[in-house]
Student: 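Take this structure, written in structure tokens, and hold onto it; I'll ask about it next.
Here the structure is a predicted model, which is why all the values come from computation and not from measurement.
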Amino acid sequence: MSATPDSTIANPEQRIADLERRLAEALEQQTATAEVLQVINSSPGDLAPVFDAMLKKAMRLCEAPFGALRRFDGEFFRMMAARDASGTVAVFGEPIAPDPGSASERLVLGDGVVHIPDVVDTEAYRSGVPSRLRLVEMTGAHTALWVALRKNDVLVGDLAFYRKEVRPFTDKQIALLQNFGAQAVIAMENARLITETREALEQQTATAEVLQVINASPDDLAPVFDAILEKAVRLSEAVYGHLWRYDGEYFHPWASHGGDQRFAQWFAQRGPRRPSCQGRTCSVHGRYQREPSLSRG
């Protein structure tokens with residue numbers, strides 16, 4: 001039997017090494033995905049830890065020193081989370097509208113992924129598209145990748161990752177980031193449903209509590225109006241609320257909630273106010289002594 005050449009021995013060993021590496025990468029990706037899902041389950045109404053964990057793992061697995069997640073409201077992109085190699089980026093800046101020629105515009109127009117090997121070597125950069133210039137100036141990016149976040153074909157945000165050197169992302173890395181994007185959409189939808197359910201429950205509870213006050217005070221309107229205003233101010237996240245009674249000619253101050261004590265006293269001391277209507281719009285003019293330090297409401 002002839003001796004086996006070294007090349008025939010090396011090839012199986014190389015194939016085994018490559019297989020082990022691919023298995024290790026697949027296991028690491030599955031582990032990262034499972035960990036993000038655990039964060040989603042443990043923080044169903046809080047997106048901050050979900051997005052932060054997602055960016056941290058995606059940046060590590062895809063060897064990107066900078067990552068960001070933005071929400072799109074149909075007009076503006078708003079930064080929800082961002083990380084660089086040193087940790088969380090705290091300064092997010094103002095909402096940004098997708099400018100013509102930008103990667104953001106391509107996402108809005110329907111692209112699922114925008115992958116640019118070198119953002120400096122693009123017509124958008126050479127022609128001075130503001131978002132492209134800002135990207136290079138703020139992050140020193142060269143290779144950049146944007147992944148659209150869509151729910152029922154509607155753009156709800158994007159994931160963005162940048163490298164400071166020219167080194168395109170691989171197909172596997174892009175697929176992984178798309179998977180993270182799908183998880184981000186799940187987390188956003190869960191948070192929306194939880195918020196809507198919580199708000200509906202709070203409103204139903206407030207209505208039930210007001211009805212209890214009405215039943216307990218059938219001949220006394222003061223506690224009823226106080227309860228109504230307290231619930232309305234809290235649920236609408238207002239600072240102050242007041243209620244007027246109309247006798248057919250004048251509006252009379254009836255109850256108020258919120259604000260400081262001086263404002264409540266000032267409102268209670270106001271006299272009747274006559275409405276002045278033009279078409280469907282009415283304002284109220286009154287006979288009252290305005291306290292000099294308080295503005296007219």
Student: Got Arg163 and Glu63 here, is their nearest side-chain heavy-atom distance under 4.5 Å?
Tutor: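 Counting from C-beta outward, Arg163 and Glu63 do come under 4.5 Å.
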Student: For residues Asp121 and Arg126, determine if any side-chain heavy atom of one lies less than 4.5 Å from a side-chain heavy atom of the other.
Tutor: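 Sidechains of Arg126 and Asp121: in contact.
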Student: Does any non-hydrogen side-chain atom of Trp146 lie less than 4.5 Å from one of Asp111?
Tutor: no
Student: Output the distance between atom CG (Leu107) and atom CZ (Phe77), rounded to the nearest 0.5 Å.
Tutor: 5.5 Å
Student: Using 0.5 Å steps for rounding, measure from the CZ atom of Phe51 to the CZ atom of Arg83.
Tutor: 14.5 Å
Student: Restricting to non-hydrogen atoms, name the atom on Val114 and the atom on Ala103 that form the minimum distance, rounded to 0.1 Å.
Tutor: CG1-CB, 3.9 Å
Student: Is the backbone of Glu165 close enough, under 3.5 Å, to the side chain of Thr143 for a donor and an acceptor to pair up by distance?
Tutor: yes
Student: Is the shortest side-chain heavy-atom distance between Tyr125 and Val119 below 4.5 Å?
Tutor: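 No - every pair of side-chain heavy atoms lies 4.5 Å or more apart.
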Student: From Lys57 NZ over to Asp52 CG, what is the distance, rounded to the nearest 0.5 angstrom?
Tutor: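 Reported to 0.5 Å precision, the distance equals 10.0 Å.
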Student: Any ion pair linking Arg134 and Glu137 (charged N to carboxylate O, less than 4.0 Å)?
Tutor: no
Student: Please determine whether side-chain contact (heavy atoms from CB on, under 4.5 Å) holds for the pair Ile96 and Ser104, giving the CA-CA distance in whole Å, both sets of side-chain angles, and the decisive distance to 0.1 Å.
Tutor: CA-CA 10 Å; Ile96 299 174; Ser104 298; over 6 Å; no
Student: Once rounded to the nearest 0.5 Å, what's the spacing between atom CZ of Phe180 and atom CE of Met59?
Tutor: 12.0 Å
Student: Tell me whether Val129 shares a hydrophobic cluster with Val108, the cluster being built from Ile, Leu, Val, Met, Phe, Trp, Tyr side chains joined at under 4.5 Å.
Tutor: no
Student: Between Ala141 and Val136, which heavy-atom pair has the shortest distance, and what is it?
Tutor: O-CG2, 4.0 Å
Student: Of all heavy-atom pairs between Pro117 and Val166, which one has the smallest distance, and what is that distance?
Tutor: O-CG1, 3.7 Å
Student: When rounded to the nearest 0.5 angstrom, what is the spacing between NZ in Lys151 and CD1 in Ile186?
Tutor: 11.5 Å
Student: Which heavy-atom pair separates Ala58 from Leu177 by the least distance, and what is that distance?
Tutor: CB-CD2, 3.6 Å
Student: Looking only at heavy atoms, which two atoms of Phe161 and Gly67 are closest? And how far apart?
Tutor: CD2-CA, 3.7 Å
Student: Of all the heavy-atom pairs spanning Leu149 and Ala184, show the shortest one and how long it is.
Tutor: CD1-CB, 4.1 Å
Student: Is the backbone of Phe76 close enough, under 3.5 Å, to the side chain of Arg70 for a donor and an acceptor to pair up by distance?
Tutor: no
Student: State the CG-CD1 distance between Leu145 and Ile116, to the nearest 0.5 angstrom.
Tutor: 9.5 Å
Student: Is it the case that the side chain of His115 and the backbone of Pro168 share a donor-acceptor pair, with hydrogens and angles ignored and the cut-off at 3.5 Å?
Tutor: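 Side chain of His115 to backbone of Pro168: no pair is present.
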Student: Looking at Glu123, is its backbone amide N or carbonyl O close enough to the side chain of Ser127 to form a donor-acceptor pair, meaning the two atoms are under 3.5 Å apart?
Tutor: yes
Student: Show your working on side-chain contact (heavy atoms from CB on, under 4.5 Å) between Met188 and Met80 and close with a plain yes or no.
Tutor: CA-CA 11 Å; Met188 293 164 67; Met80 302 297 293; over 6 Å; no
